[in-house]
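Starting from 1, each residue takes its place in the sequence as its number.
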Amino acid sequence: MDFLYTYETLKLEFPLSEPENAKFVILGVPFDGTTSFKPGARFGPTLIRHATLNLESYILDYDVDIAELPIADIGDIAVVAGDPRRTADRVRETVEELKRANPGAIPILLGGEHSQTLGAVEALKPASYVVFDAHLDLRDSYEENPYNHACVARRIAELGVGEAIFGIRSGTREEVTYAEEHGIPWVHARDYDFDAFVELVKPLPEPVYLSIDIDAFDLSLVPSTGTPEAGGLGFWEVVEAMEWLVENKRLVGFDIMEVGGGELGDITALTAAKLLFYFLGAGAGIL
Ligand SMILES: [Mn+2]
């Protein structure tokens, strides 16, 4: 099927399904128009796909070969340069197109700035938003733009979507106050463990959208991201949480955002690619 706003790009290596028949549908969002510090997120989707070439499709610990799963890759969104809202509109419309053709599909965004998650959430209308991030992203506006990447959790909260935020080690007093006043729980990276995750996520209503801002990981794993922060989470900590969500909650969407880097083989993209394969491998359990 053809989508209005996507174009073909490098795809995953193994045989892929058509989007109409796939359970998991990959969509790149190469947008970095409001990046504050370290540019390169526009290359994220391509760098992640390229990094997957380094990985076995067989996931040892699951005994699952993700090359045998119904996965599609519909390419990248044609972004509106410098305009996160209009680009997120294209993400929303693309996800809506996909869901009309294949209501059971779970879109997987590869980004690209976190601002673009808003478009997918608007299309999928989850009851809850679970996010791993170094930053609260609860600002009302940043650099005079309410659709800046630093505002995405606030925009999503305003849609009436319940939230739980993990891996935090950066925020403003204004954001902390907003979280308190609106009952948005968040866990500092220093306090994060699996039990804290389950305790907060268990009561959340379904369906759930899971967003992973790659900067939630310690920056040794993800040096090339828009706003890197020391003191983040380990790889298996996030995988373990993701596995629990896939097994215990109905997921409607997933993303890995803020992957940057200027060259093929970047560490950040390798981390993101491995995470993507673990998500797909865990996803075999819900087919
Ligand atoms: Mn972040």
Side-chain angles (χ1 to χ4, degrees), residues 3-6 25-36 41-42 44-45 74 76-99 105-168 171 175 178-179 182 184 186 204 207-216 225-227 251-260:
F3 293 86
L4 188 56
Y5 291 119
T6 63
V25 179
I26 291 166
L27 170 63
V29 191
F31 180 83
D32 61 3
T34 69
T35 299
S36 313
R42 70 179 63 187
I74 60 171
D76 284 357
I77 292 282
V79 306
V80 182
D83 193 330
R85 177 64 266 185
R86 287 178 62 205
T87 304
D89 286 342
R90 293 182 171 192
V91 172
R92 188 192 69 234
E93 287 177 38
T94 303
V95 172
E96 286 170 352
E97 276 182 82
L98 170 67
K99 295 294 281 188
I106 296 178
I108 299 175
L109 264 57
L110 303 179
E113 270 184 25
H114 213 172
S115 55
Q116 299 309 304
T117 295
L118 180 62
V121 167
E122 287 170 335
L124 295 165
K125 300 180 174 59
S128 304
Y129 174 69
V130 175
V131 56
F132 283 82
D133 200 325
H135 312 89
L136 285 168
D137 289 351
L138 288 170
R139 291 174 193 260
D140 190 31
S141 182
Y142 192 64
E143 294 176 339
E144 299 177 355
N145 193 336
Y147 297 103
N148 185 287
H149 62 88
C151 311
V152 61
R154 175 96 164 232
R155 296 290 88 80
I156 289 170
E158 288 168 355
L159 297 172
V161 179
E163 299 193 0
I165 310 176
F166 302 95
I168 294 300
E175 290 177 286
Y178 183 88
H182 293 80
I184 298 172
W186 57 274
L204 290 178
V208 174
Y209 185 98
L210 172 61
S211 178
I212 296 181
D213 182 327
I214 206 74
D215 66 30
T225 185
T227 47
L251 271 188
V252 281
F254 174 61
D255 65 41
I256 304 175
M257 307 303 278
E258 297 285 352
V259 177

A.B. asks: State the CG-CD1 distance between L109 and I212, to the nearest 0.5 angstrom.
C.D. replies: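 The CG atom of L109 sits 13.0 Å away from the CD1 atom of I212.
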A.B. asks: Could you grab the distance from atom OG1 of T94 to atom CG of D76, nearest 0.5 Å is fine?
C.D. replies: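 Result: 11.0 Å between the selected atoms.
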A.B. asks: Can you list the residues that meet the ring pair (Phe, Tyr, Trp, His ring centres under 6.0 Å) rule with F132, with sequence neighbours excluded?
C.D. replies: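 Ring pair (Phe, Tyr, Trp, His ring centres under 6.0 Å) check on F132 returns F166, Y192, F197.
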A.B. asks: OG/S128 to CD1/I156 distance, rounded to the nearest 0.5 angstrom?
C.D. replies: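 Interatomic distance, S128 OG to I156 CD1, rounded to 0.5 Å: 12.0 Å.
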A.B. asks: Nearest 0.5 Å please: distance from the OG atom of S211 over to the CG atom of D133.
C.D. replies: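 It is 7.5 Å, given to the nearest 0.5 Å.
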A.B. asks: Looking at R92, I want to see if its CZ is surrounded by more than 12 non-hydrogen atoms of other residues, nucleotides or ligands under 6.0 Å.
C.D. replies: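 Atom CZ in R92 is packed in, count exceeds 12.
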A.B. asks: I'd like to check R139 versus N148 (side-chain heavy atoms, cut-off strictly below 4.5 Å). Are they in contact?
C.D. replies: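 Side-chain contact under 4.5 Å: no.
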A.B. asks: State the CD1-NE2 distance between I165 and H135, to the nearest 0.5 angstrom.
C.D. replies: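 That separation rounds to 12.5 Å.
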A.B. asks: If you round to the nearest 0.5 Å, how far is CD1 of I256 from CG of L110?
C.D. replies: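 The CD1 atom of I256 is 6.0 Å from CG of L110, to the nearest 0.5 Å.
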A.B. asks: Would you call I77 and F31 a side-chain contact if the rule is heavy atoms closer than 4.5 Å?
C.D. replies: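 With C-beta onward as the side chain, the pair stays apart.
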A.B. asks: Does anything in residues 146-165 pair up under salt bridge (Lys or Arg N to Asp or Glu O under 4.0 Å), and if so which pairs, sequence neighbours excluded?
C.D. replies: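 Sorted result for residues 146-165: D140-R154, D140-R155, R154-E158, R154-E174, R155-E158.
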A.B. asks: Could you tell me if T117 and D255 have a donor-acceptor pair between their side chains, going purely by distance under 3.5 Å?
C.D. replies: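 Checked: D255/T117 side chains pair up, N/O donor to acceptor below 3.5 Å.
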A.B. asks: Can you name the nearest heavy-atom pair linking V252 to P126, along with the distance?
C.D. replies: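 Answer, listing the atom of V252 first, then P126: CG2-CB, 3.9 Å.
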A.B. asks: Using 30° and 60° as the class boundaries, would you call the ring planes of Y142 and H149 parallel, tilted or perpendicular?
C.D. replies: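 Rings of Y142 and H149: perpendicular, over 60°.
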A.B. asks: Provide the closest heavy-atom pair for A120 versus Y209 in the form atom of the first, atom of the second, distance.
C.D. replies: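 Minimum heavy-atom contact is CB-OH, 3.6 Å.
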A.B. asks: Taking all non-hydrogen atoms of both residues into account, name the closest pair between E258 and I214 and its distance.
C.D. replies: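 Minimum heavy-atom separation between E258 and I214: O-CG2, 3.2 Å.
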A.B. asks: What pair of heavy atoms forms the shortest contact from M257 to E113, and how long is it?
C.D. replies: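 Here M257 and E113 meet closest at CE-O, 3.2 Å.
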A.B. asks: Is it true that R86 and D89 make a salt bridge, defined as a side-chain N closer than 4.0 Å to a carboxylate O?
C.D. replies: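 The answer is no: the pair does not qualify as a salt bridge.
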A.B. asks: What's the shortest heavy-atom distance between P45 and G112, and which atoms?
C.D. replies: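 It is CD-N, 4.1 Å.
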A.B. asks: Which atom pair, heavy atoms only, marks the closest approach of R90 to V79?
C.D. replies: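 Scanning both residues, the minimum pair turns out to be NH1-O, 4.1 Å.
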